[in-house]
Amino acid sequence: MVKQLFTATAFLALSNVALAGGFLTNTNQSASFLRMPAQEGVISVEGAYYNPAGVGFLNNGWHFAFNWQSAYQKRNVTSTFGPYALGVDNNGATTKLFQGKASAPVIPSIDLAFVKNRWFGSFHFGLTGGGGKANYAHGLGTFESTISTIPTIINAMGLPTMKIDGYDFDSYMHGRQYHFGAQFGAGYRVTDNFSVSAGARIVYATANYTGFVNDIQYRLNGTMMRASQIPVLQNIPLLAEGINLEAKQKGWGVTPILGINWKINDQWNIGAKYEFKTRLRLNTTSNVTPNSTSYNVESLAKFRDNTKMDNDIPAIAALGVQYSPTSRLRLNLASHVYFDKQATQYNNDQEKLAGNSWEILAGAEYDINDRWTASIGGQRTDYGLGKNSLYISDMSFNTDSYSLALGVKFKVNDRISINASYFKTFYNAYKRTANDYNNVGATYSALASGMASKLSGQLDALKTAGQQGTTTYQQVAQAYGLVNSIPTVVSKVSDAGVLKGADHFDRTNDVFGLGIDIRF
């Protein structure tokens, strides 16, 4: 029973990493975006992604852009849970910081456009989604809260020869997810001021996950012992073997895209696009097979070998406006709406959101002289989480944020320009509280009830076989008594407020960009 409990709750966090930050659509597809994010109303070769219909207003011929970004994040979860006080390394503290580091040092993207009179075409390749790489060198609160609760449960049973007043373990998690997108588009300039486009993005998603929880120890009657050496726990294989996960997921989908651009005059330009929902199903290859002990654990269902996981990319509506009050100054405003609640996720997790995500973006560019352009911009993002959201976890979360964009463009000559930029995101802290932290109590009670039923059946079988007086019967009877008492014990400690806890989510994000635009 405890084996199933540990596996179910510990890997609940691992399963959430498939979203790598929730519905994370990477709109930062160029160094130009990093220095001025309101790109939907801009006419440029990067419009192959941001404003595909605007490509029709470029000069005749070929246009090419290559961009390289480097992104670095820290994902901080400050967890408060009473049983943490028994952690050997926690020094009696009930609050602990769990920090994950995510990095994507090389994020390339390519844009290509061709214009021939009123006809035009475009191509974009980049990482249009996914969370890059994330490492949790010391595990997660979801792991530790489960392990830390065992002393509370056992001590509350009142066993006269057992007093556990400390615990220790090793834990690690590494996750990587990328969505590679190849986008093709074609369009026609209907009038001198209005153009339309249609296209599609082929998305290939790939992910790898590695994690473990092992060397679990408890301090029994003053002596630190491996869990497998403690009488009550010694027959539980998980406590001796630990938890290990090796899983790979991959899949692909298609995103239809429509765009329009209205170049009102030399001062005003309006661009818009709509990206339809991408149906994405990830095929899983893993060590969670029918032969593994964790195969029947529900929270590992998405990691079972040869299974498919729902992971739709939401539809996006984007609108942008550019206004040029002078020949040297350009002012930009844009908005994005992500239809998250209509995009199917594993176990219908999208229903846990309070609303859809949205963004407001703004920026300005100023030509200092014929070669140098300085720019600044900002972005406001709201993820529609609501209060005490169950959608996010300590492994996978985004919070509302503000971003600042800075950068320059250097015009080498009439055909070549270089962009350099920096993008900094400031996240709003988000706090979530729970009376049953990480559902530890509910998980214990549910699994204990199931195990008690199973043990009861074993006792009946032994009685039928006339084995009541054997050692085997006594051992099963003792196990039944202990397991059957767990729901009552959990209810007792829960009523006392012992299982209350809270998470405080925060992040940092820094992105650097360098790009080159070439007109042939």
Side-chain angles (χ1 to χ4, degrees), residues 3-4 6-26 100 102-104 106-107 125-137 139-140 142-143 170-182 201-214 237-238 241-255 277-314 343-350 393-396:
K3 176 178 181 179
Q4 291 176 316
F6 267 45
T7 308
T9 52
F11 277 105
L12 178 62
L14 291 180
S15 64
N16 288 336
V17 76
L19 302 179
F23 287 141
L24 181 57
T25 302
N26 296 338
S103 65
V106 179
I107 307 175
F125 175 81
L127 293 173
T128 54
K133 299 179 181 179
N135 287 292
Y136 288 81
L140 293 161
T142 302
F143 294 177
D170 288 333
S171 182
Y172 172 79
M173 174 62 200
H174 171 80
R176 178 189 65 80
Q177 186 194 44
Y178 295 116
H179 289 177
F180 297 95
R201 179 184 304 121
I202 300 173
V203 178
Y204 175 73
T206 177
N208 291 275
Y209 309 104
T210 301
F212 67 77
V213 178
N214 57 31
L238 171 69
E241 301 170 7
I243 302 171
N244 290 282
L245 174 70
E246 292 286 343
K248 296 180 180 179
Q249 293 180 322
K250 60 182 180 180
W252 67 280
V254 178
T255 311
K277 182 179 74 172
T278 308
R279 185 182 184 276
L280 189 61
R281 299 295 180 266
L282 301 181
N283 297 303
T284 304
T285 302
S286 79
N287 60 358
V288 184
T289 65
N291 294 326
S292 66
T293 56
S294 57
Y295 181 78
N296 292 318
V297 178
E298 186 60 31
S299 63
L300 288 182
K302 68 173 66 176
F303 286 118
R304 289 175 184 166
D305 195 38
N306 295 321
T307 60
K308 290 186 177 181
M309 187 184 79
D310 298 343
N311 193 27
D312 290 350
I313 300 172
T344 304
Q345 300 297 296
Y346 178 77
N347 204 29
N348 286 317
D349 276 350
Q350 75 280 357
S393 72
D394 54 4
M395 187 59 187
S396 177

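- Residues passing the side-chain hydrogen bond (donor to acceptor under 3.5 Å, both in side chains) test with Arg279, sequence neighbours excluded: none.
- In this structure Ser286 satisfies the side-chain hydrogen bond (donor to acceptor under 3.5 Å, both in side chains) test with no other residue, sequence neighbours excluded.
- Between the side chain of Asp312 and the backbone N or O of Ala343 there is no donor-acceptor pair closer than 3.5 Å.
- In this structure, Ala205 and Leu282 approach most closely via the heavy-atom pair CB-CD2, 3.7 Å.
- Residues that satisfy the side chain to side chain contact (heavy atoms under 4.5 Å, CB included) test with Asp170, not counting sequence neighbours, are Phe212, Asn214, Asp215.
- In this structure Thr255 satisfies the side-chain hydrogen bond (donor to acceptor under 3.5 Å, both in side chains) test together with Thr278, sequence neighbours excluded.
- Using modelled atom types, one finds no donor on one side chain facing an acceptor on the other under 3.5 Å when comparing Asn347 with Gln345.
- We find the OG1-CD distance between Thr210 and Glu246 to be 3.5 Å, quoted to the nearest 0.5 Å.
- Screening Gln177, Arg281, Gln249 against Asn311 for a side chain to side chain contact (heavy atoms under 4.5 Å, CB included) leaves a single residue, Gln177.
- The side-chain hydrogen bond (donor to acceptor under 3.5 Å, both in side chains) test applied to Asn306 returns no partner, not counting sequence neighbours.
- Note on residues 205-214: no pairs pass salt bridge (Lys or Arg N to Asp or Glu O under 4.0 Å), not counting sequence neighbours.
- Here OG1 of Thr285 is found 5.5 Å from CG of Asp305. Values are rounded to the nearest 0.5 Å.
- Applying the side chain to side chain contact (heavy atoms under 4.5 Å, CB included) test to Asn208 and every residue at least two apart in sequence or in another chain returns Arg176, Thr206, Lys248.
- In this pair, Phe125 and Phe180 present their aromatic rings parallel. The plane angle is below 30°, not in the 30 to 60° band.
- Residues Leu280 and His179 have side chains in contact (heavy-atom distance under 4.5 Å, counting atoms from C-beta outward).
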